[in-house]
Colleague: 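Here it is, the structure in full.
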Amino acid sequence: MELLKLLGILIVIIGFVLKMDSILIIMVAAVVTALVGGMDLVTFLETLGSSFVSNRSMCTFIIVLVVTGTLERNGLKQAAATLMKKFKGASAGMVVGIYGVFRLVFAAFNISFGGAAGFIRPIVMPMAEAAVEKEGYEINEDHLEQLKGMSAGMDNVAWFFGQVLFVGTSGMLLVQSTLADLGYEVELIDLASVQIPVAIMAVGCAIVYYYIKDKRLMKQYKKGA
């Protein structure tokens with residue numbers, strides 16, 4: 001009877017082998033495991049709900065991945081690339097830089113719109129690729145990897161320096177408590193005001209660096225031509 005509790009694992013394996021709907025497979029496996037284990041339906045739903053609340057950050061991350069994958073499947077990347085081709089003077093470096101500005105502004109209000117998985121991969125990268133290809137060049141593998149690194153780097157810089165502009169973040173509270181232990185009593189708003197020029201300079205330097213790097217990467221196509 002104890003082996004019956006592993007029935008859910010078997011359902012998952014068979015479902016993935018048959019390439020069935022992954023979410024449906026997992027839900028069926030969870031229900032079967034709960035019923036075989038002696039858990040009634042009401043208790044199962046209560047456990048599922050409490051687990052979702054206690055791990056809501058991870059659940060939100062998973063939901064973002066599912067939504068992003070669904071949008072990609074329905075043409076999100078193609079739409080982003082098509083939009084980019086309408087702007088003749090835009091370059092990949094400009095796309096990355098504009099993303100950095102938006103990322104910084106939203107981070108200051110503690111608003112994250114997906115990061116690398118939810119925004120860079122389905123939107124920023126297709127637009128950056130389209131900025132290269134609209135010049136008539138076929139982007140090579142090395143250039144593509146460089147653009148991925150540039151986009152991820154900009155995301156990290158803007159989010160890291162931008163999130164501490166919001167007075168309620170754990171990072172800001174940590175700085176305040178550390179200074180308090182050293183004998184310096186400071187207000188959160190004062191810490192945020194000091195951080196503003198630092199964040200602007202950090203993102204500004206990243207924008208300039210990635211813009212120059214993009215220009216150097218584009219020269220390889222002109223030399224090849």
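Computation of the quantities below employed the complete heavy-atom set of this structure, encompassing side-chain atoms and omitting hydrogens, waters and symmetry-equivalent molecules.
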Colleague: Quick one: are Glu185 and Gln176 in side-chain contact, heavy atoms under 4.5 Å?
Modeller: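 In short, these two side chains do not touch, never coming nearer than 4.5 Å.
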Colleague: With a 4.5 Å heavy-atom cut-off, do Ile200 and Pro197 have their side chains touching?
Modeller: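 Sidechains of Pro197 and Ile200: no contact.
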Colleague: Could you check if a side-chain atom of Ile207 sits within less than 4.5 angstrom of a side-chain atom of Met154, using non-hydrogen atoms only?
Modeller: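 Counting from C-beta outward, Ile207 and Met154 do come under 4.5 Å.
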Colleague: Hydrophobic cluster membership, with links at side-chain heavy-atom distances under 4.5 Å among I/L/V/M/F/W/Y: are Leu188 and Val175 in one?
Modeller: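 Same cluster.
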Colleague: Verify whether one side chain among Asp142 and Gln220 offers a donor that lies under 3.5 Å from an acceptor in the other.
Modeller: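 Result is no, nothing qualifies.
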Colleague: Taking Met94 as the starting point, is it possible to reach Val208 by hopping between hydrophobic residues whose side chains are less than 4.5 Å apart?
Modeller: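 No.
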Colleague: Does a side-chain heavy-atom distance below 4.5 Å link Val96 with Asp214?
Modeller: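 With C-beta onward as the side chain, the pair stays apart.
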Colleague: Any side-chain heavy atom of Val164 within less than 4.5 Å of one from Val198?
Modeller: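 Of all side-chain heavy-atom pairs linking Val198 with Val164, none is under 4.5 Å.
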Colleague: Contact between Leu217 and Met150 at the side-chain level, heavy atoms closer than 4.5 Å - yes or no?
Modeller: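 Touching, per the 4.5 Å side-chain cut-off.
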Colleague: Under a 4.5 Å cut-off applied to non-hydrogen side-chain atoms, are Tyr184 and Thr178 in contact?
Modeller: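 Of all side-chain heavy-atom pairs linking Thr178 with Tyr184, none is under 4.5 Å.
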Colleague: For Val28 and Val12, run side chain to side chain contact (heavy atoms under 4.5 Å, CB included): C-alpha distance rounded to whole Å, both residues' side-chain angles, the deciding distance at 0.1 Å, then the answer.
Modeller: CA-CA 9 Å; Val28 171; Val12 171; over 6 Å; no
Colleague: Is it the case that atom CD1 in Ile189 sees more than 12 heavy atoms from other parts of the structure closer than 6.0 Å?
Modeller: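 Not more than 12 within 6.0 Å, no.
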Colleague: When you group the ILVMFWY residues by side-chain heavy-atom contacts below 4.5 Å and let the links chain together, are Tyr209 and Tyr211 in the same group?
Modeller: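 No, it is not one cluster - the side chains of Tyr211 and Tyr209 are not joined through contacts under 4.5 Å.
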Colleague: Tell me, do Met125 and Ser151 make a side-chain contact under 4.5 Å, heavy atoms counted?
Modeller: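 Met125 vs Ser151: side chains touch.
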Colleague: Heavy atoms only: give me the nearest Ala206-Val157 pair and the separation to one decimal.
Modeller: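 Reported closest heavy-atom pair: CB-CG1, 4.3 Å.
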Colleague: Quick check on Glu145: does its CD atom have over 12 non-hydrogen neighbours (other residues, nucleotides or ligands) under 6.0 Å away?
Modeller: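 More than 12 heavy atoms, drawn from other residues, nucleotides or ligands, come within 6.0 Å of this atom.
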